[in-house]
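Just so we're on the same page: letters track the sequence lines, and every chain starts at 1.
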Amino acid sequence: MSQQKPSAPKGMRDFGPEEMARRNYIFSTIRRVYEKFGFSPIETPAMEKLETLTGKYGEEGDRLIFKVLNSGDYLKEPKVSGLDLNQIDSKKLLRHISEKALRYDLTVPFARYVVQYHHQLPIPFKRYQIQPVWRADNPQKGRYREFYQCDADVVGSASLINEVELILILHEVLTELKIQGFKIYINNRKILAGIAEVAGISKQLVSFTVALDKLDKIGKENVLHEMQQNGFSEDSLKKISQVIDAAELKKNTLSFLKKFLSSSETGMKGMDEVSYVIKTAHELGVSNETLELDITLARGLDYYTGCIFEVKVPGSGFGSIAGGGRYDDLTGIFGMPGLPGVGISFGADRIYDLLLAHKLYPSFESTRYKYFFLNFGETESKESLRLIQILRGKNIRCGIYPDAVKIKKQMEYADKVKAEYVCTIGSNELLERKLGIKNMHTGEQHTISWDEFIQQITQEA
RNA sequence: GAGGUUGUAGCUCAGUUGGUUAGAGCGUCAGAUUGUGGCUCUGAAGGCCGGGGGUUCGAGUCCCCUCUUCCUCCCCA
């Protein structure tokens with residue numbers, strides 16, 4: 001190769017016409033359901049101020065935020081900004097060279113939006129947002145550096161009806177996309193806090209949930225071992241062990257937890273919330289197999305405070321395809337406390353991969369042209385264009401080959417773009433005010449006059 | 001951030017222990033067919049073997065660095 005092969009940056013992709021047809025199928029399904037449930041669309045910019053984003057996603061999350069370099073020569077006058085290059089680490093340097101970043105998710109920009117425009121928003125405010133987000137993660141299966149999230153959030157209402165409705169949305173979208181065997185897992189941060197409280201490890205809540213989250217991957221023994229290494233007492237481990245046993249049995253988990261958490265006010269509140277949500281969703285048609293309490297579900301985002309959801313297709317080979325949860329004080333960080341919120345997000349790119357791997361797409365036979373005109377030269381093409389405009393006036397997809405090249409070539413092109421009919425106005429047809437029409441499926445061909453053709457089209461339309 | 005893996009024609013890939021002029025299929029282009037696609041046949045073009053450095057008489061092949069692909073951990077959608 002004489003030149004460097006061009007390519008998109010690491011972890012970022014192009015989408016051709018075929019891929020766009022499939023992606024739009026996913027987006028339009030999600031959008032349709034969101035709107036049916038009364039959500040309104042908004043968009044926010046690709047970049048936010050760096051300070052808006054940092055500290056919301058945990059330590060790991062902060063590392064994965066794409067920072068955008070300031071414009072201008074920021075090293076030119078270091079004294080002005082108080083920058084001493086001789087004694088500075090990269091963290092301190094960052095503040096001086098970057099004050100914008102690409103959004104990491106859609107929830108935090110939305111919280112910023114709500115605080116900024118709260119005076120003109122109907123509260124509770126239900127919005128949906130379908131836009132790309134960026135994470136400086138290492139790409140791998142189902143993981144990209146640029147991917148689309150499809151969020152729906154309700155702010156300004158603490159009612160659990162919102163949780164139930166979001167579950168109904170998850171259920172409806174995934175059912176419409178014909179995804180078999182998806183499971184909505186639900187948990188509540190208050191339950192996790194309650195368990196930690198009863199086990200006497202409230203202070204190590206994070207390391208507790210991180211270890212517990214790995215249960216289905218590494219098993220009970222290893223989870224307990226990891227907790228032991230983190231310095232949990234024997235007594236604590238014994239209690240946690242009981243919880244794990246109950247969780248793995250998946251039978252009477254609810255009644256066990258109600259007993260186990262009876263001494264914890266927070267834990268009991270979490271239980272009440274989850275019980276209500278599961279029961280109500282069930283009454284509204286979400287089956288028990290689809291919606292399940294999973295007390296090992298933790299989720300990494302720092303801002304969740306109540307119910308948390310995650311959707312997986314067990315055995316599909318893909319990670320979670322949707323997630324969400326309640327965040328009761330996200331707007332407080334931006335100076336507006338007391339505005340609760342809850343939301344969900346579909347990972348469109350993972351759904352895309354999953355539908356592709358399981359061959360779940362309907363066929364998108366998109367013929368660009370119903371009538372495709374060949375180009376025989378200047379005078380002939382003008383007549384073709386006149387007819388084409390008449391057709392377009394009747395909302396018929398049609399067009400002409402722009403150059404008067406060899407007919408064979410034009411035919412090959414018409415075949416490639418899957419035109420239904422090819423129309424010819426050459427010198428012969430021009431003289432007789434006629435037009436050749438070839439059906440590209442059957443290969444049949446006939447000639448009719450221009451007037452007849454227009455008449456026929458008008459009748460069909 | 002840690003570990004592994006991949007890179008050869010537009011695409012998918014061969015290329016033996018280092019040894020002449022790096023191959024195939026598909027695609028592209030031209031012709032068989034002067035105004036008609038798919039099928040067939042004939043022919044042609046197309047490569048600094050990801051990039052840089054090194055070992056060697058000699059490197060697609062061995063060594064180092066870097067980028068990239070895919071995967072695992074971490075974390076996540």
Side-chain angles (χ1 to χ4, degrees), chain A residues 1-13 26 30 57-65 104-107 130-151 170 206 209-211 213-214 217-218 226 297-302 304 308-313 317-325 343-354 372-377 380 401 404-430 436-445 447:
Chain A
M1 260 149 281
S2 53
Q3 234 184 332
Q4 189 84 5
K5 203 184 265 188
S7 71
K10 186 180 188 158
M12 306 192 180
R13 300 153 299 155
I26 295 171
I30 293 172
Y57 309 109
E59 211 178 308
E60 189 76 11
D62 281 358
R63 214 189 67 209
L64 299 179
I65 295 172
Y104 180 90
D105 72 355
L106 300 178
T107 308
I130 297 176
Q131 286 191 279
V133 302
W134 294 269
R135 296 183 187 177
D137 204 354
N138 271 339
Q140 55 180 276
K141 189 184 175 78
R143 175 176 299 196
Y144 307 98
R145 287 186 151 189
E146 178 182 53
F147 61 97
Y148 273 74
Q149 288 196 330
C150 313
D151 277 34
L170 288 170
V206 173
T209 54
V210 166
D213 193 46
K214 295 177 188 165
K217 269 187 185 168
I218 62 177
E226 186 173 325
L297 176 62
R299 296 186 60 78
L301 301 181
D302 273 3
Y304 289 125
I308 45 186
F309 323 105
E310 195 154 288
V311 180
K312 283 183 187 166
V313 183
F318 291 92
S320 54
I321 54 173
I344 53 165
S345 180
F346 289 93
D349 300 80
R350 285 207 179 152
I351 292 174
Y352 178 95
D353 290 348
L354 188 129
F372 188 74
F373 285 68
L374 303 189
N375 188 330
F376 286 82
E380 293 92 333
Y401 197 90
V405 297
K406 274 190 207 161
I407 295 311
K408 183 186 165 80
K409 223 182 141 109
Q410 299 191 39
M411 284 299 290
E412 279 173 1
Y413 181 84
D415 186 49
K416 217 175 260 179
V417 298
K418 296 196 177 91
E420 283 182 68
Y421 297 95
V422 164
C423 303
T424 49
I425 300 180
S427 49
N428 301 341
E429 291 92 338
L430 192 64
I437 299 179
K438 176 167 184 167
N439 182 320
M440 291 296 275
H441 295 297
T442 62
E444 284 163 20
Q445 201 166 346
T447 331

If you look at every strand shown and take non-hydrogen atoms under 4.0 Å, does Ser320(A) touch a base, only sugar-phosphate, or nothing? sugar-phosphate
Mind checking Val133(A) for me? I need base, sugar-phosphate or nothing, with any heavy atom below 4.0 Å counting as a touch. nothing
Between C1' on U36(B) and CD1 on Ile407(A), what's the gap in Å once rounded to a whole number? 8 Å
Taking the C1' atom in each of U34(B) and G38(B), what is the distance between them to the nearest angstrom? 22 Å
Which part of the nucleic acid does Ala419(A) contact within heavy-atom distance under 4.0 Å: base, sugar-phosphate only, or nothing? nothing
A45(B) and G3(B): how far apart are their P atoms, nearest whole angstrom? 47 Å
Quick one: is the NZ or CZ of Lys438(A) closer than 6.0 Å to the six-membered ring centre of Tyr421(A), and within 45° of its axis? no
Taking the C1' atom in each of U69(B) and U5(B), what is the distance between them to the nearest angstrom? 9 Å
Mind calculating the distance between CZ (Arg145(A)) and C1' (U69(B)) to the nearest angstrom? 13 Å
Using OP1 and OP2 only, check whether a side-chain N or O of Lys409(A) sits under 4.0 Å from C29(B). yes
Base, sugar-phosphate or nothing for Gly443(A)? Non-hydrogen atoms, less than 4.0 Å. base
Under 4.0 Å between any heavy atoms, over every strand shown, what does Gly436(A) touch: base, sugar-phosphate, or nothing? Just pick one. nothing
By nearest-nucleotide position on RNA chain B, the 5'-leaning member of Glu310(A) and Leu374(A) is Leu374(A)
Of the listed nucleotides U28(B), C75(B), G38(B), the one nearest the side chain of Lys214(A): C75(B)
Would Arg135(A) pass as a cation-pi partner of Phe147(A), given that its NZ or CZ must be under 6.0 Å from the six-membered ring centre and within 45 degrees of the axis? no
Nearest to the side chain of Arg135(A), heavy atoms from C-beta on, is which of G37(B), G35(B), A77(B)? A77(B)
For Asp105(A) and Tyr57(A), test the side chains for any donor-to-acceptor distance below 3.5 angstrom and give the result as yes or no. yes
Any side-chain heavy-atom pair of Gln410(A) and Asn375(A) under 4.5 Å: yes
On a whole-Å scale, what distance lies between the P atoms belonging to U20(B) and C71(B)? 37 Å
Taking atom P in both U21(B) and G25(B), what distance in whole Å separates the two? 23 Å
Between C1' of G3(B) and CG of Asn138(A), the distance in whole Å: 11 Å
Using a heavy-atom cut-off of 4.0 Å across all strands, would you classify Tyr413(A) as base, sugar-phosphate, or nothing? nothing
What does Gln149(A) touch in the nucleic acid at a heavy-atom separation under 4.0 angstrom: a base, only the sugar-phosphate, or nothing? sugar-phosphate
Would Phe346(A) and Tyr148(A) count as a close aromatic pair, with their ring centres under 6.0 Å? no
Would you check if the side chain of Thr442(A) reaches a backbone N or O of Glu444(A) as a donor-acceptor pair within less than 3.5 Å? yes
What contact category does Gly11(A) fall into here, base, sugar-phosphate, or nothing, at under 4.0 angstrom with non-hydrogen atoms? sugar-phosphate
Whole-Å P distance, U68(B) and G54(B): 24 Å
On RNA chain B, compare the nucleotides closest to Pro139(A) and Ser345(A); which residue's is nearer the 5' end? Pro139(A)
What contact category does Phe376(A) fall into here, base, sugar-phosphate, or nothing, at under 4.0 angstrom with non-hydrogen atoms? base
Looking at C75(B), does its base get a donor-acceptor pair with the side chain of Arg143(A) below 3.5 Å? yes
Is Gln140(A) close enough to U72(B) that one of its side-chain N or O atoms is under 4.0 Å from OP1 or OP2 there? yes
Under a 4.5 Å cut-off applied to non-hydrogen side-chain atoms, are Pro132(A) and Gln149(A) in contact? no
Let me know the distance between CD of Glu444(A) and C1' of G37(B), rounded to the nearest Å. 15 Å
Taking atom P in both U6(B) and C62(B), what distance in whole Å separates the two? 11 Å
Write down the distance separating the P atoms in A77(B) and G60(B), rounded off to the nearest Å. 47 Å
Is Phe147(A) stacked against the base of A77(B), taking the criterion as centroid distance under 5.5 angstrom and interplanar angle under 30°? yes
Atom CG of Asp137(A) and atom P of A77(B) are separated, to the nearest Å, by 11 Å
Distance, rounded to the nearest Å, where Met12(A) contributes CE and U68(B) contributes P: 11 Å
Calculate the interatomic distance between Lys10(A) atom NZ and G7(B) atom P; express it in whole Å. 17 Å
Atom pair distance, as rounded to whole Å: CD in Gln131(A) and P in A77(B): 17 Å
Sort out the partner of A2(B) for me: Watson-Crick or G-U wobble, both distances under 3.5 Å, none otherwise. U72(B)
Taking N and O atoms by type only, does the side chain of Lys438(A) place a donor or acceptor under 3.5 Å from a partner on the base of G37(B)? yes
What's Gln410(A) touching, base or sugar-phosphate or nothing? Going by heavy atoms closer than 4.0 Å. nothing
Need one value for Glu429(A): base, sugar-phosphate or nothing, where a base atom within 4.0 Å counts as base even if backbone is also close, heavy atoms only. base
Quick check: Tyr401(A) with Tyr413(A) (ring centres under 6.0 Å apart)? yes
OP1, OP2 of C73(B) versus side-chain N and O of Lys141(A): anything below 4.0 Å? no
